[in-house]
Amino acid sequence: MSTDILRVVISDMHSGSNLALFLNRNWKGKYTTHTPMSIQVKIRGHFEKFAQEIKQARKNKTIELIHDGDAIDGDHHHSGDVCTISQKEQADIHIELMSEFQKRIGWQAGDKLYYTAGTPVHVGDDEDYIGEQTNAVQDGEYHTHQLLKLDTN
């Protein structure tokens, strides 16, 4: 018996950017703090609506959640447009956001999470760290896929 799959693709979260989805709370890093800006509050509304739609669509399906690159923003242009220049802190923010998303969509045993590699100037090696921390499906020894091939039907 085959299981129906609901494949969900999200990408370019750019966690850590002041212009991207952020945690629903004040955040305190090692050297800085951040309160979600009005644009981030607006983005959060979309995030919450999207998660609710996924939860309703899932029914008895297995979820394959794919984050398709650029999980964090990095400090690639030294623009100061990030809540922290620490990519590790940005990665931890992303991990918390993905954990929240998984809870909101009713994540359960058998669901799978995949990460594909993003732009190196944004993410460096941090997507592999993120994939490891979120128990993403591995591609060999790495938790990110350079090329993700999934069978459909």
Donor-acceptor pairs under 3.5 Å, side chain of residues 132-142 to any protein atom, not counting sequence neighbours: which ones?
| residue | atom | partner | partner atom | Å |
| --- | --- | --- | --- | --- |
| T134 | OG1 | I130 | O | 2.8 |
| T134 | OG1 | G131 | O | 3.3 |
| Q138 | NE2 | G140 | O | 3.2 |

- prompt: When you measure from the side chain of T144 to the backbone N and O of A117, does any donor-acceptor pair fall under 3.5 Å?
  reply: no
message: Quick check on the hydrophobic clustering: are I95 and I93 connected, directly or via other members, by side-chain heavy-atom contacts under 4.5 Å?
response: yes
- line: Interatomic distance, CZ@F22 vs CE@M37, rounded to 0.5 Å, equals 11.0 Å
query: Do E89 and H34 have a side chain donor and acceptor closer than 3.5 Å?
result: no
- prompt: How far does CE of M13 sit from CG of D70, to the nearest 0.5 angstrom?
  reply: 12.0 Å
message: Hydrophobic clusters here meaning ILVMFWY residues chained together by side-chain heavy-atom distances under 4.5 Å, can you tell me if L150 and V9 are in one?
response: yes
message: Any side-chain to backbone donor/acceptor pair from E127 onto A71? Under 3.5 Å, distance only.
response: yes
field: Heavy-atom pair of closest approach, residues I39 and N18
entry: CG2-O, 3.9 Å
- request: Kindly compute the distance separating OG1 (T119) from CD1 (I72), expressed to the nearest 0.5 Å.
  value: 11.0 Å
message: For L147 versus K149, what's the shortest heavy-atom pair and its separation?
response: CD2-CE, 3.6 Å
- prompt: If you group Ile, Leu, Val, Met, Phe, Trp and Tyr by side-chain heavy-atom gaps below 4.5 Å, do I66 and F50 land in one group?
  reply: no
message: Please give me the minimum heavy-atom distance between I63 and R58, naming the atom from each residue.
response: CD1-NH1, 3.5 Å
- line: dist E53:CD -> Q56:CD (nearest 0.5 Å) comes out at 7.5 Å
field: Heavy-atom neighbours of K61 NZ exceed 12 at 6.0 Å
entry: yes
message: Can you confirm if the aromatic rings of H94 and Y115 lie within a centre distance of less than 6.0 Å?
response: yes
message: Using every non-hydrogen atom in the two residues, find where D126 and Q87 come nearest and quote the distance to one decimal.
response: OD2-NE2, 2.6 Å
query: If two hydrophobic side chains count as joined below 4.5 Å and joins carry through other members, does L97 share a cluster with I105?
result: yes
task: Hey, could you give me the CH2/CG distance between W107 and L65, rounded to the nearest 0.5 Å?
output: 5.0 Å
- line: All heavy atoms of T152 vs all of R7, minimum pair found to be OG1-NH1, 2.8 Å
- prompt: Same cluster or not: are L23 and L19 linked, directly or through other Ile, Leu, Val, Met, Phe, Trp or Tyr residues, by side-chain heavy atoms under 4.5 angstrom apart?
  reply: yes
Spacing of CG belonging to D73 relative to SG belonging to C83, to within rounding of 0.5 Å: 9.5 Å
task: Tell me, yes or no, whether the heavy-atom count around I85 atom CD1, taken from other residues, nucleotides or ligands under 6.0 Å, exceeds 12.
output: no
- prompt: Just wondering, more than 12 heavy atoms not from Q146 lying within 6.0 Å of its CD?
  reply: no
message: So for atom CG, which belongs to N26, do other residues, nucleotides or ligands contribute more than 12 heavy atoms lying within a distance under 6.0 Å?
response: yes
task: Mind listing the closest non-hydrogen atom pair of M98 and I10 along with its distance?
output: SD-CD1, 3.8 Å
